[in-house]
Amino acid sequence: MKRLFYILVMVSAVLTSVHAQEENTERRTPQATRGQRETIERNSGLPDLTVRAQDMNERMTQEIGNARWMRVIYREIDLTKEENAPLYYPVRPMNEQKNLFFLLFQLMSEGKVIAYEYLDGYEAFDDSHRADMKTILDRAYIYYDEVPGRPGEQPSYILNESDIPSEDVRSYYVKEAWYFDQHNSVFDVKTLAICPILTTAGDFGEQRMPLFWLPYENIRPYITNTYIMTSNMNNAKTFTIDDYFRRRMFEGKIIKTENLMNRTLQEYYPEPDSLRLAQEQIEAQLKAFETSLYWQPDTTTQVAATTKEKKAARATKASTKTTTKTKTPKAQSTSSSGSAPVRSVRRR
């Protein structure tokens, strides 16, 4: 009986192991166990926020509450342009390099960054407007594995790198604030949030779908350590993604300014030429306001100097005219009444 019992135990163990192997081979998505999730998080290469990083992020935060003048502007960054290519390439992870959307999506799937719903002109970054990660994945048709969190925590999601649509995100919305703080005498630009735009091919052509808003202050501690190549002539990675936004190395066209009626520039100026002129006018207004903040020379002194210069120019012009004007002497008449013809004699 004992031998029979041992034989049954061994057979059941072998069958259990074979069944587990079959399940592992049939399952194509990543495993959703807690131990494997922790291993993936450790091997993902994403930096963990330390106390020093959090303190530095707080010190780098620009306070615009005391601003006496501010203008909120929405821009669209086209990643297909060469000026904005550092945020798009490589479209797939290569040699430990990742583009911006791949990095942001990894942070969101691991619960390190919170995304907020995309609302056209009414962005609110509070708990009631949090974007559901599962809804975003379902809308973008991304395969995932859901890992239930601990009591009171949000579930996390495990994604394959090949399922992240980093190649289809070809543009971003950037919300920024141009402000002047009179108390600190500072005129600067603050990036408030970014929104990736997913471009998909449908039955009616390409369709653009803004996914979510990410406050820039929440993602800055992570992109500060992500270096990118910004030049074709210099392949050294000397700038980070944070430098790219803070130094305003990107090129983005203005699509909207914050207004009471919440209208875009396209609604005000439907024609392409008028829209382009309106965008140039807004850029000129920002530069003119910044120039007006600095000290300008006295207008009376400037007018007097210009008057003296004009008088000196007139005097020099008059003198040159008098010197160039020459008087030609009158030719003496050879047939005068008191003169006789003179015959020259050649001396031999």
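In this chain, residues are counted from 1 in sequence order.
Within the model, atoms OH of Tyr116 and CG of Leu214 stand 9.5 Å from one another, a figure rounded to the nearest 0.5 Å. For the atom pair CD (Glu110) and CG (Leu159), the distance works out to 9.5 Å, reported to the nearest 0.5 Å. Put simply, OH on Tyr244 and CG on Leu100 are 10.5 Å apart, with the number rounded to the nearest 0.5 Å. Here CD of Gln279 is found 9.5 Å from OG of Ser274. Values are rounded to the nearest 0.5 Å. The CD1 atom of Ile164 sits 10.5 Å away from atom CG of Leu104, with the distance rounded to the nearest 0.5 Å. Glu117 contributes atom CD, which lies 8.0 Å from atom OG of Ser128 (distance to the nearest 0.5 angstrom).
In plain terms, the two heavy atoms of Met249 and Asp243 that are nearest each other are SD-O, 4.0 Å. When all heavy atoms of Asp78 and Arg170 are compared, the pair lying nearest together is OD1-O, 3.6 Å. Minimum interatomic distance between Pro210 and Arg139 (heavy atoms only, all atoms of both residues): O-NH2, 3.8 Å. Closest non-hydrogen pair, Glu167 versus Tyr88, comes out as O-OH, 2.6 Å. Across every non-hydrogen atom of Met229 and Lys237, the tightest pair is N-CG, 4.1 Å. For the residue pair Ser109 and Ser156, the shortest heavy atom distance occurs at O-CB, 3.7 Å.
The aromatic rings of Tyr118 and Trp213 sit parallel to each other, their planes meeting at less than 30°, with 60° as the upper class boundary.
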Is there a side chain to side chain contact (heavy atoms under 4.5 Å, CB included) between Tyr141 and Thr200? Walk through the geometry before answering. CA-CA 11 Å; Tyr141 300 101; Thr200 57; over 6 Å; no
Met133 vs Phe105, test: side chain to side chain contact (heavy atoms under 4.5 Å, CB included). Steps then yes/no. CA-CA 10 Å; Met133 185 64 182; Phe105 220 75; 3.9 Å; yes
From CA spacing to verdict: side chain to side chain contact (heavy atoms under 4.5 Å, CB included), Ile254, Leu265: CA-CA 8 Å; Ile254 300 176; Leu265 290 181; 3.8 Å; yes
Please determine whether salt bridge (Lys or Arg N to Asp or Glu O under 4.0 Å) holds for the pair Lys253 and Glu280, giving the CA-CA distance in whole Å, both sets of side-chain angles, and the decisive distance to 0.1 Å. CA-CA 9 Å; Lys253 61 180 180 180; Glu280 294 176 356; over 6 Å; no
Give the intermediate values and the outcome of side chain to side chain contact (heavy atoms under 4.5 Å, CB included) for residues Leu87 and Ile241. CA-CA 8 Å; Leu87 300 179; Ile241 298 180; 4.1 Å; yes
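Among residues at least two apart or in separate chains, ring-ring contact (aromatic ring centres under 6.0 Å, His included) pairs with a member in residues 169-199 are Phe187-Phe289.
Tyr222 and Asp242 are not linked by any side-chain donor-acceptor pair at a separation below 3.5 angstrom, with hydrogens and angles left out of the test. Between the side chains of Lys256 and Asn262, at least one donor-acceptor pair of N or O atoms lies under 3.5 Å. At a cut-off of 3.5 Å, with distance as the only test, a side-chain donor of Gln106 or Lys98 sits close to an acceptor on the other residue. Side-chain N/O atoms of Asp138 and Thr135 include no donor and acceptor closer than 3.5 Å.
For Ala124, the side chain to side chain contact (heavy atoms under 4.5 Å, CB included) criterion is met by Asp126, His129, not counting sequence neighbours. When the side chain to side chain contact (heavy atoms under 4.5 Å, CB included) test is applied to Arg263, the partners found at least two apart in sequence or on another chain are Asn259, Met261, Glu267, Tyr268. Applying the side chain to side chain contact (heavy atoms under 4.5 Å, CB included) test to Ala236 and every residue at least two apart in sequence or in another chain returns Asn234, Thr238. Take Thr257 and apply the side-chain hydrogen bond (donor to acceptor under 3.5 Å, both in side chains) test, not counting sequence neighbours, and it matches no residue.
The 12-atom threshold is not exceeded at CD of Glu82, counting heavy atoms of other residues, nucleotides or ligands nearer than 6.0 Å.
Two residues are said to be in side-chain contact when any heavy atoms from C-beta on lie closer than 4.5 Å; Leu103 and Ile223 meet this criterion. A 4.5 Å side-chain heavy-atom check between Ile136 and Met108 finds at least one atom pair inside the cut-off. Taking 4.5 Å as the limit, some side-chain heavy atom of Phe102 sits within range of a side-chain heavy atom of Glu161. Tyr157 has its side chain within reach of Leu137: a pair of non-hydrogen atoms, C-beta onward, lies under 4.5 Å apart. Side-chain contact check for Ile73 versus Ile255: every heavy-atom pair is 4.5 Å or farther apart. Within the 4.5 Å cutoff, the side chain of Leu198 has heavy atoms near those of the Pro165 side chain. Using a 4.5 Å cut-off on side-chain heavy atoms (C-beta onward), Glu251 and Asn84 make contact. Two residues are said to be in side-chain contact when any heavy atoms from C-beta on lie closer than 4.5 Å; Asp181 and Ile64 fail this criterion.
Both tests do not hold together for Lys175 against Tyr74: distance to the six-membered ring centre under 6.0 Å, angle to the ring axis within 45°.
Remark: Glu176 engages Arg75 in a salt bridge, criterion side-chain N to carboxylate O under 4.0 Å. Between Glu283 and Lys287 there is no salt bridge, since none of the side-chain N atoms of the basic residue sits less than 4.0 Å from a carboxylate O of the acidic one.
In this structure, Leu211 is a member of the same hydrophobic cluster as Val113, with clusters built from ILVMFWY side-chain heavy atoms closer than 4.5 Å. Taking hydrophobic clusters as Ile, Leu, Val, Met, Phe, Trp and Tyr residues chained together by side-chain heavy-atom distances below 4.5 Å, Ile282 does not share a cluster with Met70. Side-chain heavy atoms closer than 4.5 Å link hydrophobic residues (I, L, V, M, F, W, Y) into clusters, and following such links, possibly through other members, connects Met209 to Val174. Taken together through direct or relayed side-chain contacts under 4.5 Å among Ile, Leu, Val, Met, Phe, Trp and Tyr, Trp69 and Val186 form parts of separate hydrophobic clusters. Both Phe250 and Val169 are members of a single hydrophobic cluster when ILVMFWY side chains are connected at heavy-atom separations under 4.5 Å.
Side-chain heavy-atom separations under 4.5 angstrom define the hydrophobic clusters, and Tyr227 shares its cluster with no other residue.
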